[in-house]
Amino acid sequence: MNTKPTISIIAPVYNEEPVLPELYRRVSAIMDELGEPWELVLVDDGSRDRSAAIIAELHAADPRVRGISFSRNFGFQEAVTAGLDYAQGDAVILTDADLQDPPEVIPEMIAKWREGYDVVYGVRESREGETWFKLVTAKLFYRIIHRITSVNIPLDTGDFRLMDRRVVNALCQMRERNRFLRGMVPWVGYRQTGVYFNRAPRFAGEAKYSSFRRMFKFAMNAVTSFSYLPLQIATYLGFLMAAISGLAIVIVILLRLYAPHELTGQATTLVAVLFLGGVQLISLGIIGEYLGRIYDEVKGRPLYLINKTWGVVSEDEG
Ligand code: UDP
Ligand code: MG
């Protein structure tokens with residue numbers, strides 16, 4: 001094997017055929033200028049286009065490009081995890097393959113790392129080429145997560161970040177399912193800082209996360225991975241309902257004694273029962289969300305399965 005790289009750049013790839021050559025061009029231009037040994041680890045997350053073939057070609061032309069190809073589409077978090085497992089650098093940089101995270105920010109991140117920071121995350125100063133729906137939901141999401149979780153997740157920060165080897169080693173030990181890396185990295189701790197950048201529009205191709213379903217699942221994983229608040233809400237609601245019914249009992253007794261004709265009809269009963277039924281079902285659903293995740297953990301399946309690799313030490317599971 002050739003010399004160990006100092007800097008590893010990891011990009012998850014899902015149907016990014018039109019983007020990969022440009023990604024390689026821009027990353028290699030920046031990194032060659034810095035003059036540090038580097039590698040670009042491309043993790044093909046079961047793409048259905050020619051992405052895997054292009055990774056093979058890039059690797060053949062420049063062995064500093066290394067590739068991993070999954071047996072199927074496992075998802076962004078799993079792809080990044082595989083990249084972290086196989087990256088060899090003393091510092092590892094996560095970036096999207098679609099060039100929304102400009103490689104030109106990398107030298108700034110490396111400079112901060114040299115100053116002694118263990119994590120340098122990219123803070124989005126602006127986002128171009130996104131729908132207002134995505135902008136609003138993203139803003140809200142970051143604020144809510146920030147409030148309800150105990151780990152200090154930085155605002156407006158995506159997965160674009162540099163991590164020192166010891167942070168990467170810690171992450172590699174965290175084999176939890178339904179992963180939420182943006183929370184796991186702050187959880188690890190050490191010295192963390194941010195650099196600002198402008199999030200560019202996608203270089204080519206289509207975004208895969210825009211569907212509401214995907215974003216909802218992502219948000220649910222974030223909340224359940226780092227907070228018990230939804231479970232506690234059931235308790236709070238229980239206390240609230242108990243207090244209200246205590247008050248209602250007194251009112252009903254008084255009405256019975258002093259105004260016996262005020263309390264007629266079944267509408268009140270019906271509304272009360274339906275309301276309680278709703279609250280109970282929601283609480284049950286919340287418990288179900290956590291239970292399903294516990295079930296996923298207990299099964300203990302590998303996080304991903306590898307079909308093929310280019311230039312990395314081969315193993316067949318994660
Ligand atoms: N991606 C992946 N697996 C998936 C979906 C996306 O590896 O199942 C990769 C994708 O190729 C890209 C990154 O994750 O490099 C971000 O995806 P996308 O640009 O679609 O998301 P957005 O920028 O809208 O958050
Ligand atoms: Mg994107």
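Just so you know, ligand 1 is whichever comes first in the structure, and atom 1 is the first atom listed for that ligand. Since the model is a prediction, treat every value here as computed from it, not as a measurement.
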Completion exercise
Note: ligand 1 atoms sitting under 4.0 Å from heavy atoms of Pro12 are 7 (O), 9 (C), 10 (C), 11 (O), 12 (C), 14 (O), 15 (O)
Problem - Which of the ligand 1 atoms, numbered from 1, are nearer than 4.0 Å to a heavy atom of Glu16 - result: 10 (C), 11 (O), 12 (C), 15 (O)
Handout entry: Within 6.0 angstrom of Glu33 CD, more than 12 heavy atoms from elsewhere
Key = no
Handout entry: Flag, side chain of Asp45 to backbone of Phe74, donor-acceptor distance under 3.5 Å
Key = yes
Problem - Which of the ligand 1 atoms, numbered from 1, are nearer than 4.0 Å to a heavy atom of Asp98 - result: 19 (O), 23 (O)
Fill in the blank from the handout: Tested for side chain to side chain donor-acceptor pair (under 3.5 Å) against Arg50, the lone hit among Glu17, Glu16, Glu57 is Glu57
Practice task
Using non-hydrogen atoms of the residue, decide whether Arg199 is closer than 4.0 angstrom to ligand 1.
Solution key: yes
Practice task
Output every pair passing side-chain hydrogen bond (donor to acceptor under 3.5 Å, both in side chains) with a member in residues 220-230, not counting sequence neighbours, ordered by first then second residue.
Solution key: Asn221-Arg293, Thr224-Arg293
Exercise for the section: Keeping the roles fixed (side chain from Gln77, backbone from Leu181), state whether a donor-acceptor pair exists under 3.5 Å. Expected result: yes
Exercise for the section: First locate atom CD1 of Ile233, then atom CD1 of Ile148, and finally report the distance between them rounded to the nearest 0.5 Å. Expected result: 7.5 Å
Exercise for the section: May I ask you to identify, for Asp45, whether its side chain, its backbone, both or neither come under 4.0 Å of ligand 1 on a heavy-atom basis? Expected result: side chain
Exercise for the section: Please say whether Gly75 places an N or O atom under 3.5 Å from an N or O atom belonging to ligand 1. Expected result: no
Problem - Phe76-Phe218 aromatic ring centre distance below 6.0 Å - result: no
Exercise for the section: Identify, by atom number and element, the atoms of ligand 1 in contact range of Gln100, meaning under 4.0 Å from any of its heavy atoms. Expected result: 19 (O), 22 (P), 23 (O)
Practice task
Evaluate whether atom OH of Tyr196 has more than 12 neighbouring non-hydrogen atoms of other residues, nucleotides or ligands under 6.0 angstrom away.
Solution key: no
Fill in the blank from the handout: Note: ligand 1 atoms sitting under 4.0 Å from heavy atoms of Arg202 are 18 (P), 19 (O), 20 (O)
Exercise for the section: Record the part of Gln77 in heavy-atom contact with ligand 1 below 4.0 Å; permitted values are side chain, backbone, both and neither. Expected result: neither
Practice task
Could you list which atoms of ligand 1 come closer than 4.0 Å to a heavy atom of Ala97?
Solution key: 15 (O)
Exercise for the section: Could you tell me whether some N/O pair between Ala79 and ligand 1 is separated by less than 3.5 angstrom? Expected result: no
Practice task
Could you tell me how the ring of Phe180 sits relative to the ring of Phe226: parallel (under 30°), tilted (30 to 60°) or perpendicular (over 60°)?
Solution key: perpendicular
Problem - N/O/S from Asp96 sitting under 2.8 Å away from the Mg ion (ligand 2) - result: no
Handout entry: Closest approach to the Mg ion (ligand 2) by Asp98, given as the N, O or S atom name
Key = OD2
Exercise for the section: Out of Phe203, Phe218, Phe76, indicate the one that has the non-hydrogen atom closest to atom 14 (O) of ligand 1. Expected result: Phe76
Practice task
Hey, could you give me the CG/CZ distance between Asp96 and Arg202, rounded to the nearest 0.5 Å?
Solution key: 8.0 Å
Completion exercise
Going by the 4.0 angstrom heavy-atom rule, the piece of Asn73 near ligand 1 is side chain
Problem - Element-labelled atoms of ligand 1 that are located less than 4.0 Å from some non-hydrogen atom of Val13 - result: 7 (O), 11 (O)
